[in-house]
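Report on one structure; see the data block that follows.
One-based numbering along the sequence shown. Values below: every heavy atom of this structure, side chains too, minus hydrogens, waters and symmetry copies. Just follow the structure's listing: the first ligand is 1, and inside any ligand the first atom is 1. From a predicted model like this one, the values you see are computed outputs, not experimental measurements.
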Amino acid sequence: MSDKRKIILDVDTGTDDAVAIMCAYLDPAIDLIGVCTVAGNKTLPFTTENTLRVKDLLKADFPVHKGCSVAMVSTLLPNRHGDYKGQRTQVEGMDKPIEIHTDYLELPPSVSKVEPEHAVWYYIDTLMKSDGDITLVPVGPLTNVAMAMRIEPEICGKIKEIVLMGGGRNRTNTSIAAEFNIWADPEAAQIVMDSGCPIRIVPLDATQRACINADETKYLRTLNNPVATAVADCVDHRILAYSHLQPMERLDSAPVHDALAVCAVAHPEVLKDVLFTRVDIDISGGFADGQTIVDPRAYTDRPRNAYFAMNSDRDLFASWMMDCVKRFQA
Ligand code: BDR
Ligand code: CA
């Protein structure tokens, strides 16, 4: 029996989701058994097409299942999410506004197709048939996973672990209080928090301390390997956008959030200062809508439900990413 970690990635591709898919496919410790798409960074047609483009670049054969196009309930409330379209800014001398995720990744249009089965049913069928050895790695809004849990709660007993990118305790990026993936579907996130599954959270507190920099993308470009170049393109795009929209301590660097969650699956030591704590989501619709509330008390009267990483090992993450892409053989 293989001792590779079987995972299903759930993505809203997205520049950092793209890197996450490439690394998950190329990490020899991971068996990427399927990829589900969800609306998030962009609408579902874009996140799905971008996912297929990455699959084609990798010449991979994992199935891609299209999932939910809208959050579970939050869009029903007027003004709750406004008309958020992602951060963007117009910079003098540039023909288009700068944004962290463009509609399409700069890769050739896809040739491969999505599977006929919806992502939610794929989760239910695959998990119910499994031996409880599948880890879910959602790196977008949690709509598909929560929907599957609502339809068939028994899947919760079949999930080995959920390693998710989302949330932040001391950091936010979408509202005064919230990180994007949780903010985009807060009810779904609370359903996952209440699922009873083992959960590891890779929040902004960890991902923003693991930025990839321009020296590293320059190195990737010397490898003369299409996957290394695609990773460099995604990261350089992020570096430019972050320098205008969310500057990091080192200006020529950017977080690649979703790839850190993948790294943490097989290399848990990449996460530092991990709290075992109680995490809930604010679903009140007020200023804190979508906030990840991390219980700071030593004594808590609520059952602890998640491991929450407050820091990460940047150098380990960067060298893991380089090692993954170097393995690609055209
Ligand atoms: C998360 O939001 C998305 O924009 C990224 O892909 C990442 O999953 C970071 O807040
Ligand atoms: Ca994402």
Seminar exercise, completed: Numbered in order shown, the ligand 1 atoms found under 4.0 Å of a heavy atom of F180 are 2 (O), 3 (C), 4 (O), 10 (O)
Problem set entry | Which N, O or S atom of D258 lies nearest to the Ca ion (ligand 2), by name | OD2
Exercise. Taking the six-membered ring for Trp, are H65 and Y122 parallel (under 30°), tilted (30 to 60°) or perpendicular (over 60°)?
Worked result: parallel
Exercise. So which pairs with a foot in residues 68-78 pass side-chain hydrogen bond (donor to acceptor under 3.5 Å, both in side chains), sequence neighbours left out?
Worked result: none
Problem set entry | Partner of K42 under side-chain contact (heavy atoms from CB on, under 4.5 Å), chosen from D12, T48, T47, T13 | T47
For this session: Give the residue, atom name and distance (to 0.1 Å) of the protein heavy atom nearest atom 1 (C) of ligand 1.
Result: E179 OE2, 3.3 Å
Exercise. N/O of V139 under 3.5 Å from N/O of ligand 1, yes or no?
Worked result: yes
Problem set entry | Minimum-distance protein heavy atom relative to atom 8 (O) of ligand 1 | D258 OD1, 2.6 Å
For this session: Restricting to N/O/S, name the atom of D12 that gets closest to the Ca ion (ligand 2).
Result: OD1
For this session: Please answer whether the main-chain N or O of W320 pairs with a side-chain N or O of H267 as donor and acceptor at a distance below 3.5 Å.
Result: no
For this session: Check ligand 1 against N173 and write out every atom of the ligand that is under 4.0 Å from a heavy-atom position of the residue.
Result: 9 (C), 10 (O)
Problem set entry | Protein residue, atom and distance nearest to atom 4 (O) of ligand 1, heavy-atom basis | N41 OD1, 2.5 Å
Exercise. In D17, which N, O or S atom comes closest to the Ca ion (ligand 2)?
Worked result: OD2
Exercise. Can a salt bridge be assigned to the pair R5 and E161 using a cut-off of 4.0 Å between side-chain N and carboxylate O?
Worked result: yes
Problem set entry | For D16, the ligand 1 atoms whose distance to one of its heavy atoms is below 4.0 Å | 5 (C), 6 (O), 7 (C), 8 (O)
For this session: With heavy atoms of N181 as the reference, note each atom of ligand 1 found under 4.0 Å away.
Result: 1 (C), 2 (O), 3 (C), 7 (C), 8 (O)
Exercise. Which other residues end up in the same hydrophobic cluster as F46, if Ile, Leu, Val, Met, Phe, Trp and Tyr are linked when side-chain heavy atoms come under 4.5 Å apart?
Worked result: Y104
For this session: Please determine if the Ca ion (ligand 2) has an N/O/S atom from F180 lying under 3.0 Å away.
Result: no
For this session: Walk me through it: do K6 and D31 pass the test salt bridge (charged side-chain N to carboxylate O under 4.0 Å, His left out)?
Result: CA-CA 5 Å; K6 278 190 198 167; D31 179 7; 5.7 Å; no
Exercise. So, R53 side chain and V111 main chain: donor-acceptor pair closer than 3.5 Å or not?
Worked result: no
Exercise. Looking only at heavy atoms, is any part of T15 under 4.0 Å from ligand 1, and if so is it the side chain, the backbone, or both, or is it neither?
Worked result: neither
Exercise. Quick one: do the N41 and D17 side chains pair a donor with an acceptor below 3.5 Å?
Worked result: yes
Problem set entry | N or O pair under 3.5 Å between H257 and ligand 1 | no
